[in-house]
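Structure record follows, encoded as structure tokens.
Whatever order the structure lists ligands and atoms in, that order sets their numbers, starting from 1.
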Amino acid sequence: MYTEKVMEHFQNPRNVGEIEHADGSGTVGNPVCGDIMKMTIKVEDDRIKDIKFKTFGCGAAIATSSMVTEMARGRTIAEALEITNRMVADLLGGLPPNKMHCSNLAADALHKAIEDYRSKQSGK
Ligand code: FES
């Protein structure tokens, strides 16, 4: 039911945790299951220098978040905003249809963290 890639990220999730003094942070809840995801980012020269996630989500949420952190690291802010839930699920080789909603958390939390970063910047 899960691809090998999903299982691999679930068993060895990358970038778990929370960045202290993050430049941006985004927390989102999943309306379907009530699970929660938090992403924190560190930005340098308009690039995502570091990114970490914490979740109360399921295995699919863990795998998609792990994948999103790998995709976003090193990208510019504009490039990171282009990461969609669908891209993440595709890179993982797909998710079971009833688990697609889990993939929304990761990209949404990333986008929210970027919004937070931008609003902090404009407030400076
Ligand atoms: Fe809630 Fe997957 S069941 S994130």
Side-chain angles (χ1 to χ4, degrees):
M1 128 151 186
Y2 286 117
T3 64
E4 258 178 47
K5 192 104 188 159
V6 173
M7 288 310 291
E8 201 270 312
H9 274 269
F10 169 59
Q11 277 161 345
N12 307 290
R14 281 50 143 194
N15 308 310
V16 177
E18 192 168 341
I19 298 170
E20 271 185 53
H21 312 295
D23 296 317
S25 90
T27 303
V28 293
N30 195 324
V32 181
C33 58
D35 290 339
I36 294 172
M37 162 86 55
K38 180 172 189 182
M39 288 258 175
T40 45
I41 55 172
K42 201 87 194 156
V43 181
E44 238 178 72
D45 297 329
D46 201 45
R47 260 177 210 282
I48 297 188
K49 182 94 179 139
D50 198 9
I51 174 163
K52 288 196 191 304
F53 78 92
K54 258 187 186 172
T55 186
F56 286 103
C58 67
I62 292 170
T64 47
S65 314
S66 169
M67 180 55 98
V68 161
T69 58
E70 285 211 317
M71 289 164 79
R73 187 187 293 270
R75 286 199 190 207
T76 64
I77 291 293
E79 287 166 349
L81 280 172
E82 281 168 15
I83 297 172
T84 64
N85 305 324
R86 171 55 69 179
M87 276 162 73
V88 183
D90 285 351
L91 271 176
L92 286 167
L95 283 169
N98 64 344
K99 284 280 161 185
M100 279 308 288
H101 71 90
C102 311
S103 71
N104 296 346
L105 280 176
D108 287 356
L110 168 65
H111 294 170
K112 211 159 171 191
I114 291 173
E115 253 175 54
D116 181 48
Y117 163 71
R118 282 186 162 166
S119 72
K120 280 181 177 153
Q121 289 298 103
S122 61
K124 269 186 190 164

If Ile, Leu, Val, Met, Phe, Trp and Tyr residues are connected whenever their side-chain heavy atoms lie under 4.5 Å apart, and connections chain through other members, are Ile19 and Ile77 in the same group?
no
2.8 Å cut-off met by an N, O or S atom of His101 to atom 2 (Fe) of ligand 1:
no
Please classify the Thr55 to ligand 1 contact at 4.0 Å (heavy-atom distances, strictly less than): side chain, backbone, both or neither.
neither
Only heavy atoms of Ala61, strictly under 4.0 Å: list the atoms of ligand 1 that pass.
4 (S)
Is it the case that over 12 heavy atoms from other parts of the model lie below 6.0 angstrom from the OH atom of Tyr2?
yes
Could you tell me the separation between the CD1 atom of Ile51 and the OG1 atom of Thr40, rounded to the nearest 0.5 Å?
7.5 Å
If we number the atoms of ligand 1 from 1 as shown, the ones under 4.0 Å from a heavy atom of Leu105 are 4 (S)
Mind reading off the angle at atom 1 (Fe) of ligand 1 between the SG atom of Cys33 and the OD2 atom of Asp35, rounded to 10°?
100°
Out of curiosity, does Ile36 fall in the hydrophobic cluster containing Ile41 (side-chain heavy atoms, cut-off under 4.5 Å, transitive links)?
no
Ile62, Met7: one ILVMFWY side-chain cluster at the under-4.5 Å cut-off?
yes
On a heavy-atom basis, the closest approach of Ala22 and Lys120 is O-NZ, 4.0 Å
To the nearest 10 degrees, calculate the angle at atom 2 (Fe) of ligand 1 involving SG of Cys102 and SG of Cys58.
100°
Which of the ligand 1 atoms, numbered from 1, are nearer than 4.0 Å to a heavy atom of Lys99:
2 (Fe), 3 (S)
